[in-house]
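See below for the structure under consideration.
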Amino acid sequence: MALAAVSAAYQVLRGTTGIFTSQSTSLLSRARALYACSLNRKMTSKRKTDHLERTANKFRQEIISPANVCGITDESATVKRVRLAVANSEFSFKAGQWVDLFIPGVSTVGGFSICSSPGLLEKEGILELAVKYNLHPPAHWIHTECSLGSEVALRVGGDFYFDPQPSDSPVDLVLIAGGVGINPLFSILLHVADLHEIRQSTGQGFQMGNVKLHYTAKNTSELLFKKNILSLVNNFPGRILCNFHVTQQSSPICSELQPYITEGRISENDLAKYISSDHLCYICGPPPMIESMCKQLEGLHIPREQIYFEKWW
């Protein structure tokens with residue numbers, strides 16, 4: 001398994017030659033040294049696997065595109081939202097997918113779910129990531145060294161996405177997010193809004209059904225994109241719905257959020273109020289949460305083939 005993961009990682013990086021400026025020419029040599037070490041390292045249950053190992057058998061696009069950092073904001077006290085201007089006009093992704101992130105001078109390849117919509121990339125050439133602080137080298141670089149104008153490279157991958165075609169039948173969605181697992185689901189939510197707008201303005205395209213988001217975090221300060229989500233709820237009344245769940249709230253909840261807040265974890269009763277056997281369900285969060293949500297959905301008679309999940313850490 002380790003050999004397969006390293007081989008896949010090398011194939012991913014091999015196509016990056018020439019995309020970085022001269023200040024970053026050591027990237028490939030450092031990466032190859034890392035993979036040589038990995039070949040001699042046993043995979044054990046005690047060692048945490050990295051992004052390339054976890055996704056070695058997942059779909060990846062052929063295109064690797066340079067990108068420049070064109071915006072950095074604090075989405076929360078521990079999460080930075082990064083805007084990237086993508087250089088390759090043929091670069092594309094589906095709502096819910098992730099990117100391999102190649103950083104000059106950092107031998108570890110990052111893996112981050114995209115939190116923006118495919119429409120933003122098509123219109124403006126912009127892609128966004130929201131990255132939580134930790135000591136993993138790519139995330140640490142984003143929080144401590146990344147600045148406007150920084151050069152990186154991107155490659156899209158992943159089998160977790162929502163990409164309906166115009167001729168498909170209407171469908172209703174339930175999105176279930178835990179913590180930073182909101183990232184790919186926010187991308188899907190933004191794509192849903194784009195589909196509604198296209199249908200309303202042209203009368204053509206996919207006829208989107210309704211969407212209900214259940215999003216859980218420790219407290220309201222850790223609910224990422226909450227203002228954007230409420231804006232979508234207000235712009236598409238009855239079509240986009242949300243419920244925020246907080247498990248360790250100690251401060252008062254602001255009046256704007258109160259109608260949407262439930263204290264405690266997402267329960268089967270919460271899901272049962274909206275869901276039916278026709279819904280497609282997308283889940284992203286910590287593995288124990290995903291396992292719990294899958295059991296609850298199956299208890300509500302949702303067919304297993306209509307439940308999609310992304311175990312991201």
Side-chain angles (χ1 to χ4, degrees), residues 75-76 78-79 95-96 113 115 130 132 160-162 171-190 192-193 208-234 236-313:
E75 187 62 34
S76 76
T78 59
V79 175
S113 291
C115 65
K132 188 169 184 176
F160 178 85
Y161 57 80
F162 178 64
V171 63
D172 295 327
L173 304 182
V174 169
L175 310 178
I176 304 173
V180 291
I182 186 63
N183 277 323
L185 302 186
F186 185 55
S187 176
I188 291 174
L189 199 63
L190 291 170
V192 165
M208 186 65 222
N210 300 328
V211 180
K212 177 66 178 285
L213 170 68
H214 287 277
Y215 177 18
T216 183
K218 288 182 180 180
N219 52 60
T220 55
S221 66
E222 295 191 17
L223 290 168
L224 307 182
F225 318 120
K226 52 184 174 288
K227 290 184 179 179
N228 304 88
I229 293 169
L230 291 183
S231 177
L232 293 175
V233 170
N234 292 328
F236 299 94
R239 307 293 277 174
I240 295 179
L241 309 168
C242 80
N243 196 9
F244 298 127
H245 301 254
V246 292
T247 58
Q248 298 178 30
Q249 185 73 23
S250 58
S251 60
I253 297 171
C254 71
S255 58
E256 183 183 16
L257 285 177
Q258 282 179 355
Y260 305 96
I261 293 290
T262 297
E263 297 203 36
R265 300 183 185 277
I266 302 168
S267 69
E268 188 170 323
N269 287 336
D270 294 321
L271 298 174
K273 294 174 184 177
Y274 177 78
I275 207 164
S276 73
S277 59
D278 295 328
H279 281 79
L280 295 184
C281 303
Y282 289 79
I283 315 168
C284 188
M289 174 199 164
I290 290 175
E291 293 168 8
S292 174
M293 291 298 102
C294 285
K295 289 179 181 178
Q296 292 184 29
L297 291 170
E298 290 172 354
L300 294 170
H301 308 294
I302 304 299
R304 189 65 187 81
E305 61 270 18
Q306 292 170 212
I307 303 173
Y308 306 91
F309 56 81
E310 183 84 300
K311 292 183 178 179
W312 198 234
W313 64 88

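Keep in mind that what you see is a predicted model, and the values were worked out from it rather than measured.
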Which label fits Y282 and Y308: parallel for a plane angle under 30°, tilted from 30 to 60°, or perpendicular past 60°?
parallel
With a 3.5 Å distance limit and no angle check, can you tell me whether R239 reaches the backbone of M208 through a side-chain donor-acceptor pair?
yes
Would you say Y260 has more than 12 foreign heavy atoms packed within less than 6.0 Å of its OH?
yes
Is it the case that E222 and T220 place a side-chain donor and acceptor less than 3.5 Å from each other?
no
Could you tell me the separation between the SG atom of C281 and the CZ atom of R304, rounded to the nearest 0.5 Å?
10.5 Å
I307 CD1 to I290 CD1 distance, which is reported to the nearest 0.5 Å
11.5 Å
Of all the heavy-atom pairs spanning S113 and P184, show the shortest one and how long it is.
CB-CD, 3.6 Å
Inspect the surroundings of NZ in K226 and state if more than 12 heavy atoms from other residues, nucleotides or ligands are less than 6.0 Å away.
yes
So, taking the atom named CD in Q249 and the one named OG1 in T262, what distance separates them when rounded to the nearest 0.5 Å?
12.5 Å
Heavy-atom side-chain proximity of L232 to L190 below 4.5 angstrom:
yes
Atom pair CD1 (I275) and CG (L173), whose distance is rounded to the nearest 0.5 Å:
10.5 Å
Decide yes or no for F236 and N210: does some side-chain heavy atom of the first lie under 4.5 Å from some side-chain heavy atom of the second?
no
Output the distance between atom CD1 (I266) and atom CD (Q296), rounded to the nearest 0.5 Å.
8.0 Å
Where is the tightest heavy-atom contact between L230 and C242, given as atom of each residue plus distance?
CD2-SG, 4.0 Å
The reported gap from OH in Y215 to CG in L189 (rounded to nearest 0.5 angstrom) is 12.0 Å
Main-chain N/O of S250 paired with N219 side-chain donor or acceptor, under 3.5 Å:
no
Quick check: closest heavy atoms across G264 and T247, and the distance to 0.1 Å?
C-CG2, 4.1 Å
Please determine, by modelled atom types, if S267 and N269 share a side-chain donor-acceptor pair under 3.5 angstrom.
no
Can you name the nearest heavy-atom pair linking D278 to Q306, along with the distance?
C-NE2, 3.7 Å
